[in-house]
Number of protein chains: 2
Amino acid sequence: MYTLSEENYLKAIYRLSQEKGQKITPKGISDVLGNNPASVVDMIRKLAEKQLIDYDKKKGVRLTIQGEKNAVLIVRKHRLWEVFLLEKLGYQWDEIHNIAEELEHIKDDTLADRLDKFLEFPEYDPHGDPIPKANGKVPKSYSVTLANLKEGTRCRVAAVRDTSSTFLQYLLKLDIGINTTIQLIEKIPFDSSLVISIGGKDKTTVSQKFGENILVDGI
Amino acid sequence: MYTLSEENYLKAIYRLSQEKGQKITPKGISDVLGNNPASVVDMIRKLAEKQLIDYDKKKGVRLTIQGEKNAVLIVRKHRLWEVFLLEKLGYQWDEIHNIAEELEHIKDDTLADRLDKFLEFPEYDPHGDPIPKANGKVPKSYSVTLANLKEGTRCRVAAVRDTSSTFLQYLLKLDIGINTTIQLIEKIPFDSSLVISIGGKDKTTVSQKFGENILVDGI
DNA sequence: TTATATAATTAGATAAGACTAATTATATAA
DNA sequence: TTATATAATTAGTCTTATCTAATTATATAA
Ligand SMILES: [Mn+2]
Ligand SMILES: [Mn+2]
Ligand SMILES: [Mn+2]
Ligand SMILES: [Mn+2]
């Protein structure tokens, strides 16, 4: 098994590989983890030696099959623990990420599957992110944002893109959670602010940045 | 908060302080943790600097109030997680200790109390060890062993002293668990072997060492 | 194309926590 | 009491994971 640091790097690289299109660079990883680029270069060398990634100046960092398998398992554990913390221990959705950040590293061969079963095989975590299945398959993730919608459209909140507690607490205050219905009433041309109705209630105005961090689904 | 190593040392020292009478030495800690005595001496210095222990050549190592508070909390978390693993995730009692050894270090102010509530405030862990309460109070631990009993006595298995998987698996095989009723039928004078009846069934013979590792309660 | 900014890499330092080997203390036995 | 075994301590080494500072490479703009 791998160290806590190795696992966190794998997860960061996996995350970057999901934002497809761009190549994964030391700088990119450094930004995600908040580590110094020099440290990242060291770890890239180490992970490449262990055959968890390939590194090529041109192509950037790529997870190997082994590396991806491991990364997916860590993400699976992270998201399952988040469900546990919210549903069984009564935490709120802005409190769970940091705890899951530690829990995801607990090592036991059957733990993830047992937890999965105990939680009755949830497909999405409390932030709407897909929970990889035991076989490695990942349920579909949402990609349409509230800001993408046409005026007048009603939608269901499916996930949040930003999972910082600042954003999540703001959503709690606005009474927005997963499955909340939102109607986009108007887009203000000046700054792309959005006038919305939350769960059928009165109008509220939110910023474009806000709208880009809410992932939605048809109703 | 403290590092994983510091916490493991605190817990080891706490454990030794429960086996009262003896003073706690570097050698003793070294034996519990399997670390080199030189490493132990380093850590003793560090913990003393942080005022978690006092160290005196004559008196040996003593936990300070702060140190004990921390140690008890780690033990509390360890035992609560053990209950969780057994009752909620369906592990057997020989599989849970090592996982709890990692889980006990998860850092969050409200986690232990939430877990306690979720588990409905258990008083003893799956090995019969008392779970410290939120206020630091520790339920009574058992101290009479099966080997202590007079011939003829019936008792309830309250706890096990040895929690190695070898011993626990042996007990599974013998159909002995917490709350099993055992009657001590005969003590063999030659080697102090014990002839017992487990749960009212046929006679079995076990060693003295075995009997010393079963803690019992009146019926 | 040349200058400049940004990124990648190397070299060297540091801290934590472990180890081995050597030394000094202390306890136990002859 | 003296010899011997055991324990405690010190000194120095190693590994992991980080950092800073310096250097080299690459991309971008003038
Ligand atoms: Mn993590
Ligand atoms: Mn999440
Ligand atoms: Mn531990
Ligand atoms: Mn236990």
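Lettering follows sequence order; numbering is per chain, from 1.
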Open item on the list: Checking base pairs now: Watson-Crick or wobble, both atom distances under 3.5 Å. What partners dA11(D)?
Closed with: dT20(C)

- [ ] Could you tell me whether K88(B) sits above the aromatic face of F118(B), with NZ or CZ closer than 6.0 angstrom to the six-membered ring centre and within 45 degrees of the axis?
- [x] yes

TODO: For K23(A) and for P37(B), locate the closest nucleotide of DNA chain D by heavy-atom distance; then report the residue assigned to the nucleotide nearer the 5' terminus.
DONE: P37(B)

- [ ] Measure from CG on N36(A) to P on dA7(C) and round the result to the nearest Å.
- [x] 13 Å

TODO: Give the rounded distance in Å between these two atoms: CG of D42(B) and P of dG12(D).
DONE: 14 Å

Task: Interface with DNA chain D, restricted to residues 26-33 of chain B and to heavy atoms under 4.0 Å - done: P26(B), K27(B)

- [ ] Could you tell me whether N35(B) contacts a base, only the sugar-phosphate backbone, or nothing, with contacts defined as non-hydrogen atoms closer than 4.0 Å?
- [x] sugar-phosphate

Open item on the list: Measuring centre to centre across the rings, with the benzene-like ring taken for any Trp, is F84(A) within less than 6.0 Å of Y91(A)?
Closed with: no

Task: Trace of the salt bridge (charged side-chain N to carboxylate O under 4.0 Å, His left out) decision for R79(B) with E104(B) - done: CA-CA 8 Å; R79(B) 294 179 182 165; E104(B) 72 193 2; over 6 Å; no

Open item on the list: Students often get this wrong, so: under 4.0 angstrom with heavy atoms, is S39(B) touching a base, only sugar-phosphate, or nothing?
Closed with: base

Task: N/O (side chain, T3(B)) to phosphate O (OP1/OP2, dA16(C)) under 4.0 Å - done: no

Task: R45(B) vs dT9(D): side-chain N/O to OP1/OP2 distance below 4.0 Å - done: no

Open item on the list: Is the shortest side-chain heavy-atom distance between D54(B) and V61(B) below 4.5 Å?
Closed with: no

Open item on the list: Can you tell me if R15(B) has over 12 outside heavy atoms packed within less than 6.0 Å of its CZ?
Closed with: no

Open item on the list: The criterion is ring-ring contact (aromatic ring centres under 6.0 Å, His included); which residues satisfy it with Y124(B), sequence neighbours excluded?
Closed with: Y142(B)

Task: Length of the line joining I44(A):CD1 and dT10(C):P, which is rounded to integer Å - done: 11 Å

- [ ] Taking only the side-chain nitrogens and oxygens of Y9(B), find out if one of them lies under 4.0 Å from OP1 or OP2 of dA18(C).
- [x] yes

Task: Base-pairing assignment for dT26(C) (Watson-Crick or G-U wobble, both under 3.5 Å) - done: dA5(D)

Open item on the list: OP1 or OP2 of dT18(D) versus the side-chain N and O atoms of S5(A): is any pair under 4.0 Å?
Closed with: yes

TODO: Could you tell me how the ring of F210(A) sits relative to the ring of Y170(A): parallel (under 30°), tilted (30 to 60°) or perpendicular (over 60°)?
DONE: perpendicular

- [ ] Consider the side chain of A38(B), meaning its heavy atoms from C-beta on, and name the nucleotide among dT9(C), dA21(C), dA8(D) that approaches it most closely.
- [x] dA21(C)

- [ ] Would you please confirm or rule out a distance under 4.0 Å between OP1 or OP2 of dA25(D) and any side-chain N or O of K57(A)?
- [x] no

TODO: Can you tell me the distance, in whole Å, between the CD atom of E49(B) and the C1' atom of dA15(C)?
DONE: 14 Å

TODO: Take atom NZ of K50(A) and atom C1' of dT15(D), then tell me their distance rounded to the nearest Å.
DONE: 11 Å

